[in-house]
Amino acid sequence: MIQVGDQLPAATLMEYIEVEGNGCSIGPNPVDVHKAAAGKTIALFALPGAFTPTCSAKHVPGYVEHFDAFKAAGVDEIWCVSVNDAFVMGAWARDQKTGAKVRMLGDGSAEFSKGTGLTLDLTARGMGLRSNRYSMLVKDGVVKSLNIEAPGKFEVSDAATLLAQAKSL
């Protein structure tokens, strides 16, 4: 399992872009994790699934709400990672009104999630292999803080907790 001081796993996430710009074409675009994280401070949070109750009602909205405070604390980007395809993540981004505040990144084959060792097997619930709920502060691709939720909990991966950690680095 990934720990503080470790490099993010080599993986390609997918991002659905609706508006062409900054070299990104419309439609799903690959995001090489190592290249995208290079030289940046990233507030990354992961969750079991798009459009799920806790994820939609609490997790994503907290990061959207605290966007300006994260920027003021030196965070360059906020990433939301979920084991969903880019089209689902794009639709969820519209629903959550994330705009340019949170990059909604699909980990369709759970490549990134497996690489972190933070998977959650929800096969019994009909959802297959998913990501555990967690947050991390990443600087130049290296994990600086990591907050992993206990099963079924939402207590330490919220935006306020990660923001406090970003302010202390």
Side-chain angles (χ1 to χ4, degrees), residues 1-4 6-9 11 13-16 31 33-34 36-37 40-86 88-108 110-120 122 127 129-169:
M1 181 172 58
I2 199 165
Q3 297 178 34
V4 170
D6 289 349
Q7 181 86 13
L8 289 177
L13 299 170
M14 296 299 287
E15 183 174 32
Y16 186 81
V31 177
V33 170
H34 284 174
K40 295 179 186 166
T41 299
I42 298 166
L44 185 155
F45 66 103
L47 35 81
F51 293 104
T52 55
T54 300
C55 303
S56 291
K58 298 177 183 176
H59 217 166
V60 174
Y63 283 90
V64 172
E65 178 186 337
H66 288 89
F67 171 78
D68 292 330
F70 273 107
K71 287 298 229 182
V75 170
D76 298 301
E77 295 180 357
I78 301 172
W79 294 5
C80 173
V81 178
S82 182
V83 181
N84 290 107
D85 65 63
V88 169
M89 293 301 282
W92 197 31
R94 278 191 307 279
D95 180 71
Q96 292 287 304
K97 298 174 177 52
T98 60
K101 294 180 178 182
V102 178
R103 293 184 76 177
M104 304 296 274
L105 301 170
D107 185 21
E111 177 187 358
F112 181 81
S113 298
K114 289 175 191 173
T116 64
L118 292 168
T119 57
L120 181 63
L122 294 177
M127 295 174 67
L129 187 68
R130 295 295 177 135
S131 173
N132 196 3
R133 186 183 305 280
Y134 64 89
S135 67
M136 61 173 71
L137 197 63
V138 178
K139 192 168 188 120
D140 198 26
V142 176
V143 178
K144 297 297 181 181
S145 67
L146 178 61
N147 311 294
I148 304 168
E149 296 287 359
K153 298 292 183 183
F154 180 63
E155 300 169 343
V156 298
S157 65
D158 60 301
T161 299
L162 195 61
L163 178 59
Q165 293 167 347
K167 288 178 178 179
S168 70
L169 285 183

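Since we're looking at a predicted model, the values are computed, not measured.
Considering every non-hydrogen atom in both Lys71 and Asp76, the closest pair reads NZ-O, 2.7 Å. Among all heavy-atom pairs drawn from Ser131 and Val83, the shortest one is N-CG2, 3.6 Å. The shortest non-hydrogen separation linking Ala36 to Ile42 is O-CD1, 4.2 Å. Taking both residues in full, the closest heavy atoms of Ala50 and Asn84 are given as N-OD1, 2.9 Å, listed atom of the first, atom of the second, then distance. In terms of heavy atoms, Glu15 sits closest to Leu105 at CB-CD2, 3.6 Å. Across Lys97 and Val64, no two heavy atoms sit closer than the pair O-CG1, 4.1 Å.
Distance check, rounded to the nearest 0.5 Å: SG of Cys55 to CH2 of Trp92 gives 5.0 Å. For the atom pair Thr52 OG1 and Arg130 CZ, the distance stands at 8.0 Å (nearest 0.5 Å). In this structure, Leu47 CG and Lys58 NZ are separated by 13.5 Å, a value rounded to the nearest 0.5 Å. Distance OG/Ser145 to CG/Leu44: 10.5 Å, rounded to 0.5 Å. Considering CG of Leu146 and CG of Leu118, their distance stands at 6.5 Å, rounded to 0.5 Å.
Residues Leu13 and Arg103 fail the side-chain proximity criterion, which asks for heavy atoms closer than 4.5 Å. Side-chain contact between Gln96 and Ser56 is present, with heavy atoms from C-beta onward closer than 4.5 Å. Contact check for Val143 versus Leu8: side-chain heavy atoms found under the 4.5 Å cut-off. Taking the side chain as every heavy atom from C-beta outward, Thr98 and Tyr63 never approach each other to under 4.5 Å. For the pair Phe45 and Val60, the minimum side-chain heavy-atom distance is below 4.5 Å. The shortest side-chain heavy-atom distance between Phe67 and Val75 does not fall under the 4.5 Å cut-off. The shortest side-chain heavy-atom distance between Lys114 and Pro9 does not fall under the 4.5 Å cut-off. The shortest distance between side-chain heavy atoms of His66 and Leu162 does not fall below 4.5 Å.
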Applying side-chain contact (heavy atoms from CB on, under 4.5 Å) to His59 and Cys80, what does each step give before you reach the verdict?
CA-CA 9 Å; His59 217 166; Cys80 173; over 6 Å; no

(Q) For Tyr134 and Ile2: C-alpha separation, side-chain torsions, deciding distance, then whether side-chain contact (heavy atoms from CB on, under 4.5 Å) applies. (A) CA-CA 11 Å; Tyr134 64 89; Ile2 199 165; over 6 Å; no

- [ ] For the pair Gln7 and His34, evaluate side-chain contact (heavy atoms from CB on, under 4.5 Å) and give the outcome as yes or no after the intermediate values.
- [x] CA-CA 9 Å; Gln7 181 86 13; His34 284 174; 3.9 Å; yes

Going through the distances and angles, do Leu169 and Gln165 end up as a side-chain contact (heavy atoms from CB on, under 4.5 Å)? CA-CA 7 Å; Leu169 285 183; Gln165 293 167 347; 5.8 Å; no

What verdict does the side-chain hydrogen bond (donor to acceptor under 3.5 Å, both in side chains) test give for Ser113 and Asp107, after you've listed the backbone C-alpha separation in whole Å, the side-chain angles of each residue and the deciding distance to 0.1 Å?
CA-CA 7 Å; Ser113 298; Asp107 185 21; 2.8 Å; yes

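Here the side chain of Lys40 pairs no donor or acceptor atom with the backbone of Lys139 at under 3.5 angstrom. No donor-acceptor distance shorter than 3.5 angstrom exists from the side chain of Glu155 to the backbone of Glu149, with no hydrogens or angles considered.
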